[in-house]
Each structure stands twice: as structure tokens, then as C-alpha cells.
*Asks:* 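I have a structure here, written as C-alpha cells, and I will follow up with some questions on it.
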Amino acid sequence: MPLIGYARVSTEDQTPLPQSQALKSAGCVEIHEEQASGGNRARPVLARVLERIGKGDTLVVVRIDRLARSLSHLLEVIERLEAKGAFFRSLMDPIDTSSPQGKFTLQVLGAAAEFERALIRERTKAGLASARTKGRVGGNPGLRARDPAALRKVRLARQDGYMERLNETAQDWVPHVRRLRPDMAWEDVLRIVNGPLPRERQWTQSRLLRAVNAYVRDGFLPPTVLDRAGRRETDDRLPAIVAAIKGADPDITLQAICTRLEAMRERTPRGRTSWQPSSVKMLLERAERLGLLA
């Protein structure tokens, strides 16, 4: 089982060398270094590692805080690894999801997180009930009075919150949309976006379109991505999809493309559900002749 190391530092003044040396001593066959805040979930290096990691691989960090600063983010990453059949290990913490003890520790952490959320909900309910018995009405007075300034402030706050949530997932969909639209129809773009994602993180077409519109509005994506897709010949569709998968990860193997196509429930040219590397190779050669490969 290949061990893949991830080392992170927060500032340019820090060096990831001690982490990299510890990861190398632990047997990591490759080590990825990144300079980014631990609170930032949209880290490009980490996103690439999670995208390329395969079944049986193990993501290794020196300490948990090098990967995530919150329990929710840690559990999210581990769930994404488990969906791919991969594992997680922290050298200085008792977590190794390939072992029964590590899995038990993870279950304890998940239960603790849920317990904490339940306590917060109960305290909030008790506080609201207490306020009501004393005659206090919750909420913003400006909103109750339908004050335009208060309504605008809330609307902007909600918009900022929505954009912040989008930024956390941008690495999952923005590169595909930027590269594939408007040449490819939204239905196919959606399937390519959802291909590597676990079921609980997959997008619907309406949700993806809303996100793209928000990014276009704020200038993060060009307006042309919303243009109407041109008509594509039926015979060109599969080469275009395979070329899109290859374009997102030039180092991807033929077998990995087969796995991705099966996850997308894309049928072979002969209508079968199981893909072979030879079929993918044929489609890539065809995509190159059509000028679909950069």
C-alpha cells in the first residue's frame, strides 16, 4: 500500500522540511508540500492529492493539524478517502484508519463532534425559551419592521455566506467548468464534476448552475461559460468526455479513466457497462484526431 505524505506550513517563514523528513522516514513514496492556512479548506495541493489518491493508498501527515484545523474538516477528508478505498494515518496521533484501533478512534471523534453539536442545539433552545418567558422576542428589530437597510444587510450577509461555502468546494468544479464550457453540455460537465466525488458531495445541475452564475456575477468565471453549448455529433460525445477527464489529470492511467467512466455510468461504444483500457485508448486517439486534446 503506497504511503503518500502531505506536509503543510502556514507562512513563508516556516519550512516543511522537518515534516517531510518525518514522512520520508515513515516510508512515504511521495511527499506533497503546501504553504497555506489550516483554516482554508480550498488548498490546491491538498485538492490534487485527494483527487489522485487511489484504492489502497494511505494519506500520511505528521500531525492532524497539518491536514485540518476542525474536526468536521478532518472527518470530511477521511470520508472522501474511504469512498475511494484509501486510508489516513497521523504519525503523532492515534489515528490509522487501516487498523481497527484507528477506526475506533475515528468513531469516538465523530461521536464527540455529534455530541458537541447536540449540546449547542439544546443550549440554544433553552436560551430562546428563557427569553420568551421574560417577554423578549428574538430576531432583528429591523427585520421585524421590514426596514430596507436591515433587509439589505441580511441579504448581503447571506450572499457572503453562500460565496464562502462555494469557495470551500471550488476546486471540485471551477476547473472543469472553466475548461469545458461552453463546448460541452451541462449534463456531461455535471457527470465529469461528480465522477471523483463521494455521493454526499455530488452536485445537481440546478445547484451547479446557481454556483456558476454566482461566480460569473462576481467575476471569478468568464460570462462565456454560460453560453449555449453547440450541437455535437453523437459520435464525438465519448471522445470529448474522455478528453475532458484526461485534460483534468494528464497523468491519469487508462484503467483510472475506465473506473471514472463506470462511476459516471457511461456506456462503452458497444453499449456495455464495463470499460477496458483498450477502448479508452481508442477514444483518446480519436479525440486527438478531432483536436479535443490540448
*Asks:* Could you give me the CA-CA distance, side-chain angles and deciding distance for Ser20 and Glu33, then say whether side chain to side chain donor-acceptor pair (under 3.5 Å) is met?
*Replies:* CA-CA 8 Å; Ser20 296; Glu33 299 177 349; 2.5 Å; yes
*Asks:* Looking only at heavy atoms, what is the nearest atom pair of Arg52 and Asp249, with distance?
*Replies:*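 Minimum heavy-atom contact is NE-OD1, 3.4 Å.
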*Asks:* Whether the side chain of Lys84 engages the backbone of Pro196 through a donor-acceptor N/O pair (distance < 3.5 Å, no angle test) should be reported.
*Replies:*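 Not a single qualifying donor-acceptor pair exists.
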*Asks:* Before accepting this row, confirm whether a basic side-chain N of the pair Arg237/Glu266 lies closer than 4.0 Å to the acidic partner's carboxylate O.
*Replies:*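 Yes, charged N to carboxylate O under 4.0 Å.
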*Asks:* Do Thr11 and Asp13 have side-chain N/O donor and acceptor atoms under 3.5 Å apart?
*Replies:*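 Per modelled atom types, Thr11 and Asp13 side chains form no pair under 3.5 Å.
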*Asks:* Under a 4.5 Å cut-off applied to non-hydrogen side-chain atoms, are Arg178 and Trp173 in contact?
*Replies:*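 They are not in contact (no side-chain heavy atoms under 4.5 Å apart), so the answer is no.
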*Asks:* With side chain to side chain donor-acceptor pair (under 3.5 Å) as the criterion, how do Glu30 and His32 come out once you've worked through the C-alpha distance, each side chain's angles and the decisive distance to 0.1 Å?
*Replies:* CA-CA 7 Å; Glu30 58 181 89; His32 302 267; 2.7 Å; yes
*Asks:* Holding to salt bridge (charged side-chain N to carboxylate O under 4.0 Å, His left out), I want the full list of residues that pass it with Asp93, two or more places apart in sequence or in another chain.
*Replies:*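 Counting only residues at least two positions away or on another chain, Asp93 forms no salt bridge (charged side-chain N to carboxylate O under 4.0 Å, His left out).
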*Asks:* Apply side-chain contact (heavy atoms from CB on, under 4.5 Å) to Leu261 and Val280, showing your working.
*Replies:* CA-CA 9 Å; Leu261 290 167; Val280 173; 4.1 Å; yes
*Asks:* Closest heavy-atom contact between Arg66 and Tyr6?
*Replies:*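 Reported closest heavy-atom pair: O-CE2, 3.3 Å.
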*Asks:* Please name the pair of heavy atoms, one in Ser37 and one in Arg43, separated by the smallest distance, quoted to 0.1 Å.
*Replies:*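 That closest heavy-atom pairing would be O-NE, 3.6 Å.
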*Asks:* Have a look at Val225 and tell me which of Leu180, Val189, Val212 forms a side-chain contact (heavy atoms from CB on, under 4.5 Å) with it.
*Replies:*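 Only one option passes, and that is Val212.
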*Asks:* Ignoring hydrogens and angles, state whether a donor on the side chain of Arg210 or Tyr215 is under 3.5 Å from an acceptor on the partner side chain.
*Replies:*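 Distance-only check fails for Arg210 and Tyr215.
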*Asks:* Given the rule in the salt bridge (charged side-chain N to carboxylate O under 4.0 Å, His left out) test, do Glu51 and Arg260 qualify, once you have shown the distances and angles that lead to the verdict?
*Replies:* CA-CA 12 Å; Glu51 169 71 21; Arg260 185 75 59 81; 3.0 Å; yes
*Asks:* Is there side-chain contact between Leu46 and Glu34, with at least one heavy-atom pair below 4.5 Å?
*Replies:*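 Yes; the side chains approach each other to less than 4.5 Å.
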*Asks:* Report the C-alpha distance between Glu76 and Arg201 in whole Å, list the side-chain angles of each, state the deciding distance to 0.1 Å, and finish with yes or no for side-chain contact (heavy atoms from CB on, under 4.5 Å).
*Replies:* CA-CA 10 Å; Glu76 177 186 315; Arg201 291 183 55 201; 4.3 Å; yes
